[in-house]
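What follows is a set of notes on a single structure, which appears directly below.
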Amino acid sequence: MRYWLMKSEPSVFTIEELEKAPNKTVDWIPTKGIRNYQARNFMRDDMSLGDLAFFYQSNCDTPGIVGIMEITKLAYPDPLQFLKGNKYYDPKSSPDNPRWLNVDITLVKKLPLIELKKLRNYSELKDMMILRKGNRLSITPVSQKEWLFINTIL
DNA sequence: GCCAACGTTGGC
DNA sequence: GCCAACGTTGGC
């Protein structure tokens with residue numbers, strides 16, 4: 001079992017919206033395709049059912065962790081890539097050989113906001129990819145140690 | 001809104 | 001296969 005951190009911009013999708021979704025489950029992120037090979041490879045190669053992920057809100061006034069989610073559907077082709085005219089349409093992808101994938105996630109629980117500023121305070125977390133300068137990857141692995149530690153500072 | 005950091009694209 | 005140009009991300 002692995003642990004992850006997945007980013008969403010509140011202007012695109014919030015944890016409140018996730019909470020209101022049927023069964024608190026959505027494809028990640030509704031209306032927005034993941035178009036990054038590293039993130040895709042993590043989903044395709046390393047994610048398992050039951051893996052847990054932090055919901056991280058980015059590009060906003062208070063970036064940080066706001067919840068815990070579970071992976072409830074393994075990687076499958078992202079339908080947006082086949083929709084002509086859609087922002088995430090990819091003419092180089094085909095149903096036979098889809099280029100982009102997505103997973104479904106289910107909200108486990110909301111957390112009180114753990115701000116990025118706070119995460120930076122702990123030497124235990126200094127290796128987290130989210131804390132690296134210039135980090136832009138929307139899905140990053142979290143080690144078990146980091147996961148457990150963050151659960152102790154809620 | 002700024003801008004550094006990064007990924008992708010495409011000409012050569 | 002290199003690398004400049006470009007677009008995007010995201011903290012501040």
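Just so it is clear, the values below take in all heavy atoms, side chains as well, and ignore hydrogens, waters and symmetry mates. Proteins come first, then strands; the chains are lettered A, B, ... in the order of their sequence lines, and each starts at number 1.
Taking a cutoff of 4.0 Å between a charged side-chain nitrogen and a carboxylate oxygen, A:Arg99 and A:Asp90 qualify as a salt bridge.
Both A:Arg99 and A:Gly134 lie near DNA chain B, and the one whose nearest nucleotide falls closer to the 5' end is A:Gly134.
Here the side chains of A:Trp28 and A:Asp78 are not in contact, with every heavy-atom distance at 4.5 Å or above.
In this structure, the side chain of A:Gln57 engages the main chain of A:Thr62 through a donor-acceptor pair within 3.5 Å.
Side-chain atoms of A:Glu70 and A:Thr106 form no donor-acceptor pair, as typed in the model, at a separation below 3.5 Å. A donor-acceptor pair shorter than 3.5 Å can be found between the side chains of A:Asp104 and A:Tyr76.
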Quick tally for nucleotides 4-12 of chain C: nucleotides whose base has a protein heavy atom under 4.0 Å get B, sugar-phosphate-only ones S, the rest -, giving ---BBBBBS
